Novice: 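Take a look at the following structure, please.
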Amino acid sequence: QKLVFEKCSSQYEKEEIKKNLAKKPKKTQVLLMFWKYFFLLRDFRRVFWYTLFRSFFLRNIMKLLTKRIGILGHGVEGKSLAHFFQDRRIRDLKIYDEKQGEFPNFDEISDRDVLFRSPGVSPRHPKLQSFSGKIMGSLDLFLQLCPTKKVIGITGTKGKGTVSTLIARMFEEANDTVFLAGNIGTPFFDALPNIRTRDVTILELSSFQLWDAQQSPNIAVLLGISEDHLEVHDDFEDYIDAKKNIYLHQKSGGKVIFDADCPLVSKLMDEQNEGRGVPVSLEKEYNYGAFLRGENLIWKDEEENEDII
């Protein structure tokens with residue numbers, strides 16, 4: 001058409017050729033329209049989920065705006081929570097720190113609606129026994145507000161820091177955005193404002209953080225348990241009960257990846273008997289889970305299909 005246009009002498013014919021040149025092939029028009037609506041739909045979906053999360057997030061924060069809040073303990077986690085509240089204009093906020101000689105008597109905390117307990121403060125502290133308001137740990141609030149469902153909590157007596165770091169590195173190798181928080185890495189509420197719905201959050205959790213937890217991460221990793229921190233916990237049973245909170249409050253679909261070579265942990269999983277346990281063993285083969293066979297680490301799914309990891 002361009003060649004004809006150059007040789008054409010009639011103005012009318014030239015105008016017709018221009019119109020034809022300006023027309024896009026039907027296939028091209030369809031493709032352009034497809035991509036146009038694809039990107040519009042993608043942007044709408046992002047806005048929808050972002051708005052839904054923001055409304056949920058703000059609704060929970062708005063509930064706290066009307067509350068009189070106290071923070072017990074002003075260590076790393078207490079400071080992180082205090083800054084989070086202050087940034088969101090929660091004004092009726094008091095901070096108490098026993099290490100600084102400022103732990104309140106009952107008269108001083110009786111006007112608070114909610115007390116947030118730092119890990120270093122026991123939920124059984126004598127001065128808290130008569131408190132009529134709500135006492136909760138930072139973990140529960142974090143899990144309520146966290147926008148992603150990809151939350152993995154790790155606890156155990158030894159090795160939880162190493163395992164948390166290894167899991168985080170695996171997700172990073174898969175090009176996921178990962179936040180390592182809790183007892184290692186970033187405090188909960190320093191990380192929270194930056195977490196998006198598609199991100200992965202790894203939480204290393206001590207018995208002190210789990211002590212009075214009423215919520216559990218969707219995926220829990222329970223390493224071996226042995227006697228520890230008995231100078232703080234009432235007894236070994238109290239310590240075990242704290243560790244169990246990493247999975248006790250999971251919702252439907254939650255999973256517990258556990259050290260099947262630890263007799264105590266295996267017993268706990270047998271007791272819960274809800275099909276959530278995923279055993280990991282170096283000593284024994286299982287019908288479901290991960291185990292060592294020779295020099296190979298084997299993964300067997302619920303249908304007993306095997307893969308070498």
Side-chain angles (χ1 to χ4, degrees), residues 46-121 123 125 127-128 131-151 153 177-183 185-203 205 208-217 249:
R46 285 180 176 174
V47 170
F48 172 77
W49 285 112
Y50 177 78
T51 305
L52 186 67
F53 162 66
R54 290 298 298 173
S55 63
F56 172 78
F57 181 87
L58 290 172
R59 187 167 67 248
N60 281 281
I61 290 295
M62 288 299 290
K63 289 177 183 177
L64 291 173
L65 283 174
T66 60
K67 303 291 185 183
R68 295 164 297 181
I69 296 172
I71 297 176
L72 303 176
H74 202 224
V76 173
E77 196 167 300
K79 287 177 182 175
S80 174
L81 182 58
H83 291 154
F84 179 81
F85 284 151
Q86 289 161 353
D87 288 345
R88 280 144 192 84
R89 305 294 188 268
I90 294 179
R91 294 169 186 167
D92 197 348
L93 176 66
K94 289 183 180 179
I95 300 167
Y96 309 100
D97 191 358
E98 190 173 29
K99 290 181 180 178
Q100 298 174 6
E102 297 175 5
F103 197 93
N105 59 38
F106 177 70
D107 293 334
E108 291 172 330
I109 62 174
S110 59
D111 69 332
R112 301 291 92 188
D113 298 311
V114 184
L115 291 175
F116 285 93
R117 179 190 66 81
S118 294
V121 178
H125 196 291
K127 294 180 181 179
L128 300 179
F131 180 66
S132 59
K134 187 174 184 179
I135 302 172
M136 62 190 297
S138 302
L139 176 63
D140 282 350
L141 181 63
F142 176 83
L143 291 175
Q144 284 177 23
L145 299 178
C146 188
T148 180
K149 300 291 185 184
K150 302 173 186 176
V151 179
T177 301
V178 182
F179 291 88
L180 181 58
N183 206 40
T186 308
F188 295 142
F189 293 94
D190 287 4
L192 182 60
N194 301 312
I195 299 173
R196 299 163 298 179
T197 53
R198 62 178 178 270
D199 296 337
V200 178
T201 302
I202 313 293
L203 305 177
L205 301 171
F208 306 137
Q209 289 164 313
L210 291 164
W211 217 336
D212 52 354
Q214 297 299 307
Q215 295 202 41
S216 303
H249 311 290

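The chain is numbered in sequence order, starting from 1. All of these numbers come straight from a predicted model, not from anything done at the bench. Computed over heavy atoms, backbone and side chain alike; hydrogens, waters and symmetry mates excluded.
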Novice: How about Ser80 and Asp190: does a side-chain donor come under 3.5 Å of a side-chain acceptor?
Specialist: yes
Novice: Of all heavy-atom pairs between Ala191 and Ala181, which one has the smallest distance, and what is that distance?
Specialist: CB-CB, 4.4 Å
Novice: Any donor and acceptor pair, going by atom type alone, linking the side chain of Arg89 with main-chain N or O of Asp87 inside 3.5 Å?
Specialist: yes
Novice: When rounded to the nearest 0.5 angstrom, what is the spacing between CZ in Arg88 and CZ in Phe189?
Specialist: 9.5 Å
Novice: Heavy-atom distance under 4.5 Å between the side chains of Thr197 and Pro147, does that happen here?
Specialist: yes
Novice: Any chance you could measure His74, atom NE2, to Lys79, atom NZ, to the nearest 0.5 Å?
Specialist: 6.0 Å
Novice: Is any side-chain heavy atom of Thr186 closer than 4.5 Å to one of Phe179?
Specialist: no
Novice: Looking at every non-hydrogen atom in both residues, tell me the closest pair between Pro119 and Gln209 and how far apart they are.
Specialist: CG-CG, 3.7 Å
Novice: Has the side chain of Arg112 got a donor or acceptor atom that lies under 3.5 Å from a matching backbone atom of Ile69?
Specialist: yes
Novice: So do Thr201 and Phe142 actually touch side chain to side chain, heavy atoms under 4.5 Å?
Specialist: yes
Novice: Is there side-chain contact between Leu72 and His125, with heavy atoms separated by less than 4.5 Å?
Specialist: no
Novice: Looking at every heavy atom in both Thr177 and Arg196, which two are closest together, and how far apart are they?
Specialist: OG1-NH2, 3.2 Å
Novice: I need the Leu192 CG to Phe84 CZ distance, nearest 0.5 Å.
Specialist: 5.0 Å
Novice: Got a second to check how far Leu115's CG is from Lys94's NZ, nearest 0.5 Å?
Specialist: 11.0 Å
Novice: Grab the two heavy atoms, one from Leu93 and one from Ile90, that are nearest each other, plus how far apart they are.
Specialist: CB-O, 4.0 Å
Novice: Between Phe188 and Leu203, is any pair of side-chain heavy atoms under 4.5 Å apart?
Specialist: yes
Novice: Do Ile135 and Pro123 come close enough that some side-chain heavy atom pair is under 4.5 Å?
Specialist: no
Novice: About how many Å separate CE of Met136 and CD of Gln214, when rounded to the nearest 0.5 Å?
Specialist: 9.0 Å
Novice: Do you know the tightest heavy-atom contact between Asp199 and Lys150?
Specialist: O-CB, 3.6 Å
Novice: Measure the shortest side-chain to side-chain distance between Phe85 and Leu141 over non-hydrogen atoms and say whether it is less than 4.5 angstrom.
Specialist: yes
Novice: Given side chains that start at C-beta, do those of Asp140 and Asp212 come closer than 4.5 Å, heavy atoms only?
Specialist: no
Novice: At what distance, to the nearest 0.5 angstrom, does CG of Leu210 lie from CG of Leu205?
Specialist: 5.0 Å
Novice: Do you know which two heavy atoms are closest between Leu139 and Ala213, and how far apart they sit?
Specialist: CD2-CB, 4.2 Å
